[in-house]
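Next up is a structure, given as structure tokens.
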Amino acid sequence: MRRPTDSSDRPSRLSIFLRRQKRLLRPALLVLVLLVIGVGCVTTLRHFGSDPRFAPLRGRIINMLPLRITEIDVTGCVLTSETSLQQALGARMGDFILGFSVTAARERIDALPFVDHSVVERHLPGTIIIHLFERRPFAVWQNHGHFMLIDREGHQVRDQGMTGKDAEAFMQLPLVVGPDANTAAAALIDELSAQPDVRSHVVAASRVGQRRWNLTLRNGTTILLPEGQEVAALKRLAQLQENIKILDRPVIAIDMRLPDRQIVRENPVAPNDSDRDRDDTPPQAAPTGDQAPAAPWLSSPETGPRRRRA
């Protein structure tokens with residue numbers, strides 16, 4: 001037989017509620033304490049990271065951290081130079097990988113002249129992966145006063161004109177001029193690349209009559225190449241450059257259209273004072289097109305330069 005219980009011994013509803021919530025209040029208080037500590041740490045680290053007084057200490061702490069860049073993988077890099085890509089990446093082997101900003105690196109790489117866009121990834125513990133998607137301009141084509149980037153087949157490459165990184169691309173690529181120059185440029189540029197001593201002096205190539213080329217050098221000299229015999233002519237020119245530094249001489253034109261000799265037009269000799277008084281006529285410009293220049297002296301690979309007798 002059960003004895004009746006005294007109602008005064010029973011706990012109140014409030015005490016029962018507080019007893020049940022006590023188990024939930026402890027984790028909530030712990031989370032709150034951890035949150036306060038975390039905010040304090042972040043604030044301290046932010047001040048520590050920006051204060052120049054702590055720079056040596058920051059450097060020592062970073063050097064003690066184990067996560068280092070041990071590998072940088074790059075794909076799709078054809079026209080972009082390794083030096084410019086390294087500078088845009090902003091990180092080197094051995095740097096702390098968590099201090100590397102993927103977003104900032106991608107923005108810098110996308111600003112490079114030949115890069116359309118890029119994908120930059122950070123893979124812990126120490127790998128950075130870069131995928132480049134390049135525009136493929138091969139040369140700059142000038143036709144009827146308009147400049148455009150072209151690919152190897154001669155088709156126009158999308159650009160934004162002579163502004164921003166496109167201006168850098170225009171400055172770095174070879175210039176070809178005239179109708180049909182866009183489709184014929186690839187063969188000539190490949191032949192010039194095979195003769196680097198000659199290529200380093202050339203600033204532009206002009207298509208003449210849609211059948212042959214004139215080269216313009218940095219010093220203003222014009223080289224007339226023969227039709228269909230560019231390879232042989234450039235080899236002869238490279239040999240002359242090695243032997244007598246012909247491309248460094250202040251001449252007006254070098255006619256390579258004859259297979260066994262070169263016709264060189266020199267700059268006119270400056271007249272003396274008496275001649276200057278009698279003749280104030282300015283010197284004539286260098287010949288263009290297929291006009292053969294005068295030949296103050298002739299040379300050939302076999303005999304070298306010789307003076308033409310009056």
Side-chain angles (χ1 to χ4, degrees), residues 78-79 81 113-114 136-154 157 162 166-259 261-267 285-293 299-301 305:
V78 178
L79 299 175
S81 69
F114 299 112
R136 296 300 179 91
F138 184 73
V140 179
W141 179 33
Q142 179 186 354
N143 190 34
H144 300 298
H146 298 286
F147 293 84
M148 66 184 72
L149 297 175
I150 58 173
D151 60 18
R152 187 176 182 87
E153 287 72 34
V157 175
M162 294 291 287
D166 283 320
E168 300 180 37
F170 275 93
M171 296 299 294
Q172 296 179 30
L173 293 171
L175 173 65
V176 293
V177 183
D180 189 50
N182 59 323
T183 56
L188 176 68
I189 293 174
D190 288 344
E191 293 159 4
L192 281 170
S193 299
Q195 305 298 335
D197 289 341
V198 178
R199 174 70 183 88
S200 63
H201 288 76
V202 176
V203 294
S206 301
R207 192 71 169 159
V208 180
Q210 299 183 354
R211 56 187 179 83
R212 65 170 202 84
W213 293 96
N214 283 351
L215 305 180
T216 302
L217 305 187
R218 298 185 186 277
N219 60 4
T221 300
T222 300
I223 299 178
L224 288 71
L225 295 180
E227 178 183 357
Q229 299 296 323
E230 292 86 358
V231 174
L234 291 174
K235 287 182 179 179
R236 286 159 49 204
L237 198 60
Q239 188 64 43
L240 288 172
Q241 174 65 7
E242 181 179 355
N243 294 338
I244 61 175
K245 302 297 180 184
I246 192 171
L247 301 181
D248 299 318
R249 297 187 177 188
V251 300
I252 294 177
I254 305 173
D255 192 342
M256 307 286 296
R257 291 176 295 177
L258 297 176
R261 67 189 65 191
Q262 295 71 237
I263 303 175
V264 179
R265 182 179 179 185
E266 293 178 318
N267 283 315
T288 58
D290 286 348
Q291 177 184 356
S299 66
S300 68

Inset, instruction - Report yes if some heavy atom in the side chain of Val78 is under 4.5 Å from a heavy atom in the side chain of Arg136; otherwise report no. - result: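 In short, these two side chains touch, coming nearer than 4.5 Å.
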Legend entry - Shortest non-hydrogen contact between Asn143 and Pro179, atoms and distance: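 Closest pair (atom of Asn143, atom of Pro179, distance): OD1-N, 3.6 Å.
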Legend entry - Lys/Arg N to Asp/Glu carboxylate O, Asp180 vs Arg207, below 4.0 Å: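 A salt bridge is present here (some side-chain N lies under 4.0 Å from a carboxylate O).
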Inset, instruction - Check whether any side-chain heavy atom of Phe147 lies under 4.5 Å from a side-chain heavy atom of Leu175, and answer yes or no. - result: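 Yes, their side chains come closer than 4.5 Å.
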Legend entry - Qualifying residues under side chain to side chain contact (heavy atoms under 4.5 Å, CB included), relative to Arg152, sequence neighbours excluded: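 Partners of Arg152 under the side chain to side chain contact (heavy atoms under 4.5 Å, CB included) test: Phe138, Ala186, Asp190.
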Inset, instruction - State the CD-NZ distance between Glu230 and Lys235, to the nearest 0.5 angstrom. - result: 13.0 Å
Legend entry - Residues forming a side chain to side chain contact (heavy atoms under 4.5 Å, CB included) with Val198, sequence neighbours excluded: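 With neighbours one apart ignored, the set is Leu192, Gln195, Val202, Leu234, Leu237, Ala238, Leu247.
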Legend entry - Spacing of CD1 belonging to Ile223 relative to CD1 belonging to Ile246, to within rounding of 0.5 Å: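 The distance works out to 8.0 Å.
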Inset, instruction - Go through the steps for Leu240 and Gln262 under the test side-chain contact (heavy atoms from CB on, under 4.5 Å), then give the verdict. - result: CA-CA 10 Å; Leu240 288 172; Gln262 295 71 237; 3.4 Å; yes
Legend entry - Heavy-atom check, side chain of Leu79 versus side chain of Pro137, under 4.5 Å: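 With C-beta onward as the side chain, the pair touches.
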Inset, instruction - Could you check if a side-chain atom of Leu225 sits within less than 4.5 angstrom of a side-chain atom of Asn214, using non-hydrogen atoms only? - result: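 With C-beta onward as the side chain, the pair stays apart.
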Inset, instruction - State, with a plain yes or no, whether a side-chain heavy atom of Ser206 is found less than 4.5 Å away from one of Gln142. - result: no
Inset, instruction - Determine, stepwise, if the pair Ile150 / Val157 fulfils side-chain contact (heavy atoms from CB on, under 4.5 Å). - result: CA-CA 5 Å; Ile150 58 173; Val157 175; 5.6 Å; no
Inset, instruction - Determine, step by step, whether Thr221 and Ile254 satisfy the side-chain contact (heavy atoms from CB on, under 4.5 Å) criterion, reporting the C-alpha distance in whole Å, the side-chain angles of both residues, the deciding distance to 0.1 Å, and the verdict. - result: CA-CA 7 Å; Thr221 300; Ile254 305 173; 4.1 Å; yes
Inset, instruction - Identify, with sequence neighbours excluded, every residue that meets side chain to side chain contact (heavy atoms under 4.5 Å, CB included) alongside Ser200. - result: none
Legend entry - Side-chain heavy-atom pair Phe114, Leu173 within 4.5 angstrom cut-off: yes
Inset, instruction - Please check if any side-chain donor atom of Asp248 sits under 3.5 Å from a side-chain acceptor atom of Gln241, or the reverse. - result: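 Present: a donor and an acceptor within the cut-off.
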Inset, instruction - Measure across Met256 and Ala233 and return the closest heavy-atom pair with its distance rounded to 0.1 Å. - result: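 Here Met256 and Ala233 meet closest at CE-O, 3.3 Å.
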Inset, instruction - State the CG-CG distance between Leu224 and Leu215, to the nearest 0.5 angstrom. - result: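 Those atoms lie 9.0 Å apart.
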Legend entry - Heavy-atom pair with the smallest gap, counting every atom of Ile189 and Ala139: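 Of all heavy-atom pairs spanning Ile189 and Ala139, the closest is CD1-CB, 3.9 Å.
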Legend entry - Student check: side-chain heavy atoms of Met148 and Val140 closer than 4.5 Å: no
Inset, instruction - Find out whether Gln229 and Pro259 are in side-chain contact, i.e. whether some heavy atom of one side chain is under 4.5 Å from a heavy atom of the other. - result: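 A side-chain contact is absent here, since even the closest heavy-atom pair is not under 4.5 Å.
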Legend entry - Backbone N/O of Gly178 and side chain of Trp141: donor-acceptor pair under 3.5 Å: yes
